[in-house]
Chemist: 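Okay, here's the structure, questions in a sec.
Keep in mind the model is a prediction, meaning the values are calculated, not measured.
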Number of protein chains: 2
Amino acid sequence: MKLSKKSEYGLRALIELALTHEKATLQRQEIAARQHIPIEFLEQILLMLKRAGLVSSRRGMKGGYALIKQPQDITLGQVIRILDGPLAPISCVSKTAYQKCNDCPYANKPRCPVQQAMGTVRDAISGILDHYSLADFAAGHRRG
Amino acid sequence: MKLSKKSEYGLRALIELALTHEKATLQRQEIAARQHIPIEFLEQILLMLKRAGLVSSRRGMKGGYALIKQPQDITLGQVIRILDGPLAPISCVSKTAYQKCNDCPYANKPRCPVQQAMGTVRDAISGILDHYSLADFAAGHRRG
DNA sequence: AAGTTGTTGACAAACTTACTCATATTTAAA
DNA sequence: TTTAAATATGAGTAAGTTTGTCAACAACTT
């Protein structure tokens with residue numbers, strides 16, 4: 001039930017990009033300094049977000065990173081799935097990365113207690129994170 | 001955001017103990033066989049549950065394990081906390097195992113976006129798991 | 001006393017996390 | 001056209017976690 005550092009850093013980095021959205025691009029060192037993130041690790045994270053189509057980058061002088069999409073069109077659920085994988089506590093209740101559990105004694109039965117319980121947990125988590133936009137998220141920064 | 005095998009096995013083992021509650025004690029091999037759990041690993045798990053006061057054990061012939069508490073008085077949240085640790089996605093929003101995050105730029109500020117978001121996730125998860133009793137959980141088995 | 005069970009601690013392979021490093025590639029400016 | 005500044009990429013890695021296994025021991029029943 002844990003959020004990795006990768007996702008935490010990714011979310012915090014996206015705050016900076018959201019705050020300067022359509023105003024400026026940010027270089028990794030600026031993001032790293034403002035959010036206290038190890039720069040080389042941050043790079044990997046930004047790259048993953050780029051490959052996933054959330055962020056654009058430019059090399060060379062005057063390079064840097066920027067959001068591609070509007071902050072209100074990016075959800076925390078998307079980001080965490082990109083960086084950490086599925087939100088579901090167990091893969092047999094994942095909607096985005098379902099996998100059948102084969103060694104489970106309830107595998108082919110109509111009801112599995114674990115599935116029932118964890119299914120509701122999954123729904124609760126994604127109900128929150130898939131409706132929590134980066135815009136809302138970054139707004140928590142301003143008044144802090 | 002993942003449930004470990006340890007917790008999954010622990011929960012499944014507790015189903016068996018709940019089903020025979022006040023009727024019989026169960027030996028590890030019976031539990032292991034019914035729920036397809038590696039027996040040596042199961043032993044460790046049952047021991048943790050015993051130390052936490054959920055389960056009792058007897059050695060020697062006719063030995064085995066049994067629930068100490070009523071199934072309706074045990075919640076999935078308790079079990080998972082024993083086996084996997086805190087439910088909170090990040091320790092700075094945990095109520096049972098709070099830890100201050102020190103390298104976070106929002107550490108001493110009144111608001112942290114990550115805390116806000118993950119706080120609601122934690123509340124949702126514990127809202128479900130701390131009110132989901134082992135009795136409810138095991139009931140999913142019967143009709144399956 | 002014998003046999004069956006749980007208890008304990010050590011061990012370990014495989015995997016994941018959270019990085020670091022070296023090197024290449026692209027871009028802008030001198 | 002060289003050079004400085006920036007991202008891109010892949011490899012590597014130390015430490016920790018997960019998911020077990022194994023062996024010796026202790027306690028209980030018959």
Chemist: Strictly by modelled atom types, are Tyr65(B) and Glu30(B) linked by a side-chain donor-acceptor pair under 3.5 Å?
Modeler: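 Glu30(B) and Tyr65(B) do not have a side-chain donor-acceptor pair below 3.5 Å.
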Chemist: To the nearest angstrom, how far is Leu26(A) atom CG from dA6(D) atom P?
Modeler: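 It works out to 13 Å between those atoms.
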Chemist: Whole-Å distance between dT5(C) C1' and Glu40(B) CD?
Modeler: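 Rounded to whole Å, this separation is 13 Å.
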Chemist: Write down the distance between CE (Met1(B)) and P (dT16(C)), rounded to a whole number of angstrom.
Modeler: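 Atom CE in Met1(B) sits about 18 Å away from atom P in dT16(C).
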Chemist: Should the side chain of Arg59(A) and the base of dT25(C) be counted as holding a donor-acceptor pair, with the cut-off at 3.5 Å?
Modeler: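 For Arg59(A), whose side chain was compared with the base of dT25(C), there is a donor-acceptor pair (under 3.5 Å).
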Chemist: How would you label the contact of Gln29(A) with the nucleic acid (heavy atoms, under 4.0 Å): base, sugar-phosphate, or nothing?
Modeler: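 Counting heavy atoms under 4.0 Å across all strands, the contact made by Gln29(A) is with sugar-phosphate only.
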Chemist: What nucleotide, of dT19(D), dT30(D), dT8(C), holds the atom closest to the side chain of Met61(B)?
Modeler: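 From the listed options, dT30(D) comes nearest.
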Chemist: Once you round it to whole Å, what is the distance between C1' of dT20(C) and CD1 of Ile45(A)?
Modeler: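 In whole Å, dT20(C) C1' and Ile45(A) CD1 are 14 Å from each other.
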Chemist: Determine the contact category for Gln27(B): base if any of its heavy atoms lies under 4.0 Å from a base atom, sugar-phosphate if only primed atoms, P, OP1 or OP2 are that close, otherwise nothing.
Modeler: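 Since only primed, P, OP1 and OP2 atoms lie under 4.0 Å of Gln27(B), the category is sugar-phosphate.
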Chemist: Heavy-atom count check: over 12 atoms from other residues, nucleotides or ligands less than 6.0 Å from His36(A) NE2?
Modeler: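 Count over threshold, so yes.
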Chemist: Please determine whether any donor N or O and acceptor N or O are separated by less than 3.5 Å between the side chain of Glu8(B) and the base of dT19(D).
Modeler: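 A donor-acceptor contact between them is absent.
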Chemist: May I ask you to evaluate whether Arg58(B) reaches the phosphate of dT4(C), defined as a side-chain N or O under 4.0 Å from OP1 or OP2?
Modeler: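 For dT4(C), OP1/OP2 do not have a side-chain N/O of Arg58(B) under 4.0 Å.
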Chemist: Of all the choices, dT9(D), dA28(C), dG20(D), which nucleotide is nearest to the side chain of Lys62(A) once you look at every atom?
Modeler: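 Of dT9(D), dA28(C), dG20(D), dA28(C) is nearest to the side chain of Lys62(A).
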Chemist: Just to confirm, is there a sub-4.0 Å distance from OP1 or OP2 of dG20(D) to any side-chain nitrogen or oxygen of Tyr9(B)?
Modeler: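 Affirmative; the distance criterion is met.
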Chemist: Which nucleotide wins on minimum distance to the side chain of Ser57(A), given the candidates dT20(C), dT8(C), dT7(D)?
Modeler: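 Among the listed nucleotides, the one closest to the side chain of Ser57(A) is dT7(D).
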Chemist: Side chains of Arg122(B) and Met1(A): closer than 4.5 Å at any heavy-atom pair?
Modeler: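 When only atoms from C-beta onward are counted, Met1(A) and Arg122(B) do not touch, as no gap falls below 4.5 Å.
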Chemist: For the residue pair Ser94(B) and Pro86(B), what are the closest heavy atoms and their distance?
Modeler: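 Where Ser94(B) meets Pro86(B) most closely, the heavy atoms are OG-CB, 3.8 Å.
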Chemist: Using heavy-atom distances to pick each residue's nearest nucleotide on DNA chain C, tell me which of Gly60(A) and Ser7(A) is more 5'.
Modeler: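 With Ser7(A) and Gly60(A) compared, the 5'-side residue is Ser7(A).
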Chemist: Just the rounded figure in Å: distance from P of dC22(D) to CZ of Phe41(B).
Modeler: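 About 15 Å, once rounded to whole Å.
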Chemist: Select one nucleotide: of dC19(C), dT8(C), dT9(D), the one nearest the side-chain heavy atoms of Arg51(A).
Modeler: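 Of the options given, the side chain of Arg51(A) lies nearest dT9(D).
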Chemist: Nearest whole angstrom, please: distance from the C1' of dC21(C) to the CD of Gln44(A).
Modeler: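 Nearest whole value for this atom pair: 11 Å.
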Chemist: Would you kindly say whether Asp136(A) and Ser133(A) are connected by a side-chain donor-acceptor distance under 3.5 Å?
Modeler: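 A donor-acceptor contact under 3.5 Å links the two side chains.
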Chemist: Between atom CG in Leu49(B) and atom P in dG6(C), what is the gap in whole Å?
Modeler: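 In whole Å, dG6(C) P lies 14 Å from Leu49(B) CG.
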Chemist: Distance check: side-chain N/O of Tyr65(B) vs OP1/OP2 of dT7(C), anything under 4.0 Å?
Modeler: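 For Tyr65(B), the contact criterion (side-chain N or O under 4.0 Å from OP1 or OP2 of dT7(C)) is met.
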Chemist: Among Leu11(A), Thr75(A), Leu67(A), whose side chain to side chain contact (heavy atoms under 4.5 Å, CB included) with Leu134(A) holds?
Modeler: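 In the set Leu11(A), Thr75(A), Leu67(A), the residue that makes a side chain to side chain contact (heavy atoms under 4.5 Å, CB included) with Leu134(A) is Leu67(A).
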Chemist: Output the rounded distance in Å from CG (Leu47(B)) to C1' (dG9(C)).
Modeler: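 Going from Leu47(B) (CG) to dG9(C) (C1'), I get 11 Å.
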Chemist: Select from Ile39(B) and Asp84(B) the residue whose nearest nucleotide in DNA chain D is closer to the 5' end of that strand.
Modeler: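 It is Asp84(B), whose closest nucleotide lies nearer the 5' terminus.
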Chemist: Within the 4.0 Å heavy-atom criterion, would you say Lys50(B) contacts the bases, only the backbone, or no part of the nucleic acid?
Modeler: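 Sugar-phosphate contact only - Lys50(B) comes under 4.0 Å of backbone atoms but never of a base.
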